Structure formats: C-alpha cells, structure tokens
Enquirer: 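Below you'll find the structure I mean.
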Protein chains: 2
Amino acid sequence: MPIILKSMVTLSEENYLKAIYHLGKQGVNAVSTNAIAEKMDTKASSVTDMIKKLAEKNLVNYIKYQGVSLTKEGRLTAASVVRKHRLWEVFLVEKLQFSWDEVHEVAEQLEHIQSKKLVNELDTFLEYPTHDPHGDPIPDKDGNITKTDKIILSQLQVNQRCMCVGVNDSSADFLKYLDKHHIALGTQIQILSKEPFDESLTIKVDDVVINISKVVANNIYVKSQTL
Amino acid sequence: MPIILKSMVTLSEENYLKAIYHLGKQGVNAVSTNAIAEKMDTKASSVTDMIKKLAEKNLVNYIKYQGVSLTKEGRLTAASVVRKHRLWEVFLVEKLQFSWDEVHEVAEQLEHIQSKKLVNELDTFLEYPTHDPHGDPIPDKDGNITKTDKIILSQLQVNQRCMCVGVNDSSADFLKYLDKHHIALGTQIQILSKEPFDESLTIKVDDVVINISKVVANNIYVKSQTL
DNA sequence: AATTATTTTTAGCCTTATCTAAAAAAATAT
DNA sequence: ATATTTTTTTAGATAAGGCTAAAAATAATT
C-alpha cells in the first residue's frame with residue numbers, strides 16, 4: 001500500500017486556489033487567466049506560471065489557452081481555506097470586539113494557519129456557526145456548504161417585506177454605509193417604491209424611510225418574508 | 001514634520017529577531033552567528049546574510065566577526081512577537097482544548113499575524129494574562145516583562161518545599177513526561193533526598209513519591225515555599 | 001610567536017514568486 | 001476570409017531567502 005503524502009501547498013498557492021474557487025462559483029466552467037489576474041491584483045503571466053504549478057500538483061485542470069477549473073482535491077483545499085477564513089471572522093466579531101468591516105484583512109492572514117486541531121476546536125468553541133458575519137456560508141470539513149435561497153434586494157417588488165441575510169460586497173466602505181443606515185444581518189426591510197429613472201429604491205428600515213441607489217440594492221442579499 | 005514609516009519586517013526577519021532575543025536573554029552581550037544558526041536550524045552563511053539586512057534596517061547592532069545585539073527597535077519588535085506567541089498559547093490552552101505540549105507549533109504560526117487590534121483584543125479577552133502555559137512571562141505592549149524570582153528545582157536543598165512555576169524546556173516530550181508524573185504549574189513539590197552519585201532527586205508530588213533525573217530537575221522552575 | 005582549529009564572511013548558485021516585453025493563439029471585426 | 005484586437009503564454013530578469021564551498025578573521029594550542 002503506497003504512502004500518500006498530502007502535498008504541501010504554499011500560502012501563495014492557497015490564495016490562487018481560493019481565487020479560482022470564488023470565480024468558479026459564478027456558474028462558470030473554466031476560469032480565465034485574466035479573471036484570476038484581476039482578482040489577485042497581479043499579472044497574467046504570473047498567473048500562467050502558478051497555474052502550471054497547480055496543474056502539476058493536480059489541484060487544477062488546465063488546458064492551455066482554455067482557462068482552469070479546480071480538481072476535487074483543489075476544491076477541497078480551497079474550501080478549507082474559505083472555511084478557516086469565515087470561522088476566524090466569526091471569532092473576531094463574536095469573541096473579540098471587531099465590527100464586520102474590520103475582519104477581512106486579519107482573516108486573510110489567519111486563514112493560512114495550518115492546524116487541523118485548531119480549526120476543529122475553533123469550530124466547537126464558536127458552537128458550529130453556519131455563516132460568517134457577512135452572511136456567507138461556512139463550508140464544513142468536507143467542503144460542503146448548505147446554500148440558502150437568498151435573492152438580491154433590487155429584485156424584490158414594491159411593497160414586499162424581507163430580511164437582510166447577507167451582502168454581495170464585503171468592502172469596508174460598503175459595510176460602513178450599511179452601519180450608518182442601520183442595516184445589519186437580520187434587519188427587516190420593506191420596499192416602498194422604486195424610481196424608474198435610476199432604479200433607486202425607497203425602503204423602510206426599522207421604521208426609518210431611506211433612499212438607496214441601485215448599486216446598493218444590488219449588493220444586499222435578502223430573504224423574502226411574503227410571497 | 002517627517003512621516004516615519006515603520007519599516008516592514010518579514011516573517012523570516014521576525015524569526016531571526018526572536019532567536020537573537022532569546023539567546024541574548026542569557027546575559028550575553030553579543031550573540032554569535034553560530035548560536036543563531038543552531039537555534040534557527042540553518043547555516044551560518046544564511047545568518048550572516050540576514051544579519052546584514054537587519055543591521056541595514058537598524059534592528060540589530062552588528063560588527064563583523066563580533067556577533068550581534070538587538071537595538072531598541074529590534075528588541076521591541078522581538079518582544080512583540082514573543083508577546084503574541086505567548087498570548088496565543090494562553091488562548092489555545094484556556095479557550096480551545098489544547099494541552100501545554102501541543103501549543104508551540106501553532107503559536108509559531110500565529111505569532112506572525114499582523115494586527116494591533118487583534119493583539120489588544122485578545123489580551124482583553126484572556127483577561128490580561130502575565131504568563132503563558134509554561135510559566136514564561138508575557139511581555140507587555142512596551143516589551144517589558146515583570147521577572148519573577150524563580151529557581152531551578154535542582155538547586156533546592158533536601159527537605160525544602162516548593163511550587164512549580166515554569167519549565168526551562170518546553171519540548172513536547174518533556175511536557176508529556178511532566179504530565180505523566182502529574183507535575184503542572186502550581187504543583188507542590190518536596191525534596192526528599194538527593195542521590196550523590198548521579199544527582200537524581202527523590203521528590204514528593206501530591207503525596208506520591210517519585211524519582212527524577214538531574215536533567216529533569218534542571219528543567220523545572222520552582223518558587224521556594226520555605227526559606 | 002607560530003601553527004592549528006574554529007568561526008565568520010564572501011562568492012556563486014538555486015528556488016519561489018513576481019515582473020516586463022515579446023511571441024503565439026484565440027476571438028472579434030471588417 | 002482576412003485583418004485586427006484581445007488574451008494567453010513564453011522568455012528573460014529580479015528580489016528574498018536559503019545552500020555549498022572557499023577565503024578571511026579570530027581563537028586556541030603548542
């Protein structure tokens with residue numbers, strides 16, 4: 001029986017796998033070199049180099065000029081990194097006094113800590129959370145996520161009620177905007193009217209009426225309360 | 001007024017500073033290249049290269065062929081890494097279910113996470129611990145440690161009573177040995193006799209009489225109970 | 001004091017991950 | 001169908017951190 005050594009994955013490789021994982025979840029079959037380069041804020045030539053290395057390690061399927069997709073092993077590795085990232089985000093918000101716009105940068109570092117026991121114990125300590133502070137699902141040990149049926153706020157009809165369950169943009173600027181208007185996970189929102197010209201929405205948040213742009217409405221995930 | 005940019009210190013540089021910090025605490029003025037190489041499990045030539053870089057950044061004082069010592073800035077950087085290492089060790093033992101022989105490896109990774117807020121909040125969350133699970137002192141924000149008067153168990157006289165307050169060797173093997181004999185921080189120990197031939201000790205630990213070698217006795221720190 | 005041994009430094013090479021510039025392939029437009 | 005644009009890959013360079021082997025400096029011995 002051959003000894004299978006789980007090949008070492010470097011920090012940089014983990015980041016590439018994570019980028020491909022996120023880009024691939026948009027229902028795309030193969031992810032393009034340029035898309036990865038843009039996401040990673042690097043050059044296409046660097047991406048090609050790394051892709052070759054990942055293909056060599058059987059973490060991605062790669063055909064020249066045709067983009068990449070994750071192998072089963074690559075997907076599991078990426079999911080493990082995402083799992084750690086989101087668990088740490090929960091830790092930072094729930095146990096330390098971080099707000100949801102402060103966690104990303106630190107979680108980007110913590111997600112690379114290697115220790116199975118650490119992840120398992122952290123999961124237990126946090127009482128097995130299923131979602132991170134932005135409403136994103138936390139993959140389980142096998143990389144599976146229970147996807148919830150969330151829709152984009154801008155797709156709701158006038159007069160519908162809903163609850164905020166996530167955000168599509170987790171940038172600090174956007175999250176601070178939401179804080180300013182008292183929109184958080186669990187907040188009740190009602191669509192009062194939609195402006196035909198710019199598709200901005202007038203909504204009611206906790207009895208306060210505010211106006212939000214289409215861009216904002218496109219980045220808030222909600223669960224419809226009435227159908 | 002000039003803007004002072006706190007120069008970036010890489011992970012590798014942090015590890016070298018930490019090694020010099022620990023080696024320098026033995027009352028030695030300058031730390032030798034070979035000593036660093038041995039501690040870091042690397043070659044002397046690599047150490048020389050790194051030392052030059054650290055000297056360039058004003059983190060160490062370096063005179064060719066005469067070893068290195070930390071500058072004020074270098075010592076503060078090293079102390080900050082040690083502070084993080086020991087705080088994380090407390091976290092792992094107190095909050096997650098790690099035992100004291102399991103924390104080192106993970107803390108070696110966690111000590112490099114960069115976030116002032118994280119360290120401060122962790123410190124608060126842990127209720128400002130002063131010592132790590134091995135009894136080593138945790139430097140404060142300014143790198144200061146309150147040194148306690150501990151002595152090595154082997155230096156006690158026969159019949160003296162004492163309390164275990166730390167260990168000199170934090171290897172997993174040694175810590176497991178202590179676990180096996182129910183010696184932990186706070187454990188009461190009484191010296192019953194000392195064998196002249198090999199300087200082994202017969203001691204009483206919680207009403208159990210055991211024999212420990214000189215090597216073991218040299219690696220247990222205690223606080224004398226009677227004088 | 002001169003020789004030997006040890007320590008430290010230098011010089012040159014390797015790997016990883018990045019870059020720029022140029023070449024090749026694929027996609028798009030005329 | 002050919003020409004043009006865009007995307008992707010290749011080739012060659014660079015910086016960080018490490019190595020080996022050789023040279024230089026210091027320490028130890030006779």
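In this text the structure is predicted, and so the values were computed from the model without any measurement. By convention in this document, chain letters (A, B, ...) are assigned in the order of the sequence lines, proteins followed by strands, and residues within each chain are numbered from 1.
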Enquirer: Whole angstrom is fine here: how far is it from CD in B/E38 over to P in C/dT7?
Expert: 10 Å
Enquirer: Could you state the atom-to-atom distance from CD1 of A/I63 to P of D/dT8 in whole Å?
Expert: 14 Å
Enquirer: How many Å lie between CG on A/N15 and C1' on C/dT16, as a whole number?
Expert: 15 Å
Enquirer: According to the interplanar angle, ranging from 0 to 90°, do the rings of B/F91 and B/W88 count as parallel (below 30°), tilted (30 to 60°) or perpendicular (above 60°)?
Expert: perpendicular
Enquirer: Rounded to the nearest Å, what distance is computed from the CD1 atom of residue B/I51 to the P atom of nucleotide D/dA16?
Expert: 17 Å
Enquirer: Quick one: A/L54 CG to C/dT16 C1', roughly how many Å, whole number?
Expert: 13 Å
Enquirer: If each of B/G67 and A/T10 is mapped to the nucleotide of DNA chain C with the nearest heavy atom, which maps nearer the 5' terminus, i.e. the 5' end?
Expert: B/G67
Enquirer: For B/N34 and B/A44, which heavy atoms make the closest approach, and how far apart are they?
Expert: OD1-CB, 3.7 Å
Enquirer: Would you mind checking if A/E111 and A/K18 are paired as a salt bridge, meaning a charged N to carboxylate O distance below 4.0 Å?
Expert: yes
Enquirer: Can you tell me if A/Y65 touches the phosphate of C/dA23, counting only side-chain N or O atoms and a distance under 4.0 Å to OP1 or OP2?
Expert: no
Enquirer: Give one of base, sugar-phosphate or nothing for A/T33, where a contact means two heavy atoms less than 4.0 Å apart.
Expert: sugar-phosphate
Enquirer: Could you tell me whether A/K214 and A/E195 make a salt bridge, using a distance below 4.0 angstrom between a side-chain N and a carboxylate O?
Expert: no
Enquirer: How close or far is atom C1' of C/dT16 from atom CG of A/L11, stated in whole angstroms?
Expert: 12 Å
Enquirer: State whether B/T48 places a side-chain N or O below 4.0 Å from either non-bridging phosphate oxygen (OP1 or OP2) of C/dT9.
Expert: yes
Enquirer: From CG of B/D49 over to C1' of C/dT10, roughly how many Å is that when rounded to an integer?
Expert: 9 Å
Enquirer: Would B/E13 and B/K57 pass as an ion pair if we require N to O under 4.0 Å?
Expert: yes
Enquirer: C/dT8 P sits how many Å from B/M50 CE, rounded?
Expert: 17 Å
Enquirer: Of the nucleotides D/dT20, C/dT9, D/dT9, which one has an atom closest to the side chain of A/A44?
Expert: D/dT9
Enquirer: Taking only side-chain nitrogens and oxygens of A/Y62, does any of them come within less than 4.0 Å of OP1 or OP2 of D/dT8?
Expert: no
Enquirer: Taking NZ, NE, NH1 and NH2 as the nitrogens, is one of them in A/K117 or B/E102 under 4.0 Å from a carboxylate oxygen of the other?
Expert: yes
Enquirer: Taking for each residue the nucleotide of DNA chain C with the nearest heavy atom, is it A/Q66 or A/M40 whose nucleotide lies nearer the 5' end?
Expert: A/M40
Enquirer: Pick base, sugar-phosphate or nothing for A/S12, based on heavy-atom distances below 4.0 Å to the nucleic acid.
Expert: sugar-phosphate
Enquirer: Does A/K64 put a side-chain nitrogen or oxygen below 4.0 Å from OP1 or OP2 of C/dA26?
Expert: no
Enquirer: Does A/S45 make a side-chain N or O approach to OP1 or OP2 of D/dT9 shorter than 4.0 Å?
Expert: no
Enquirer: With a 4.0 Å cutoff (strictly under), does any side-chain N or O of B/N34 reach OP1 or OP2 of C/dT6?
Expert: no
Enquirer: It should be established whether B/T42 places a side-chain nitrogen or oxygen under 4.0 Å from OP1 or OP2 of nucleotide D/dC19.
Expert: yes
Enquirer: Is A/K52 near enough to D/dT10 that one of its side-chain N or O atoms lies under 4.0 angstrom from OP1 or OP2?
Expert: yes
Enquirer: Taking OP1 and OP2 of C/dT18, is either one under 4.0 Å from a side-chain nitrogen or oxygen of A/K43?
Expert: no
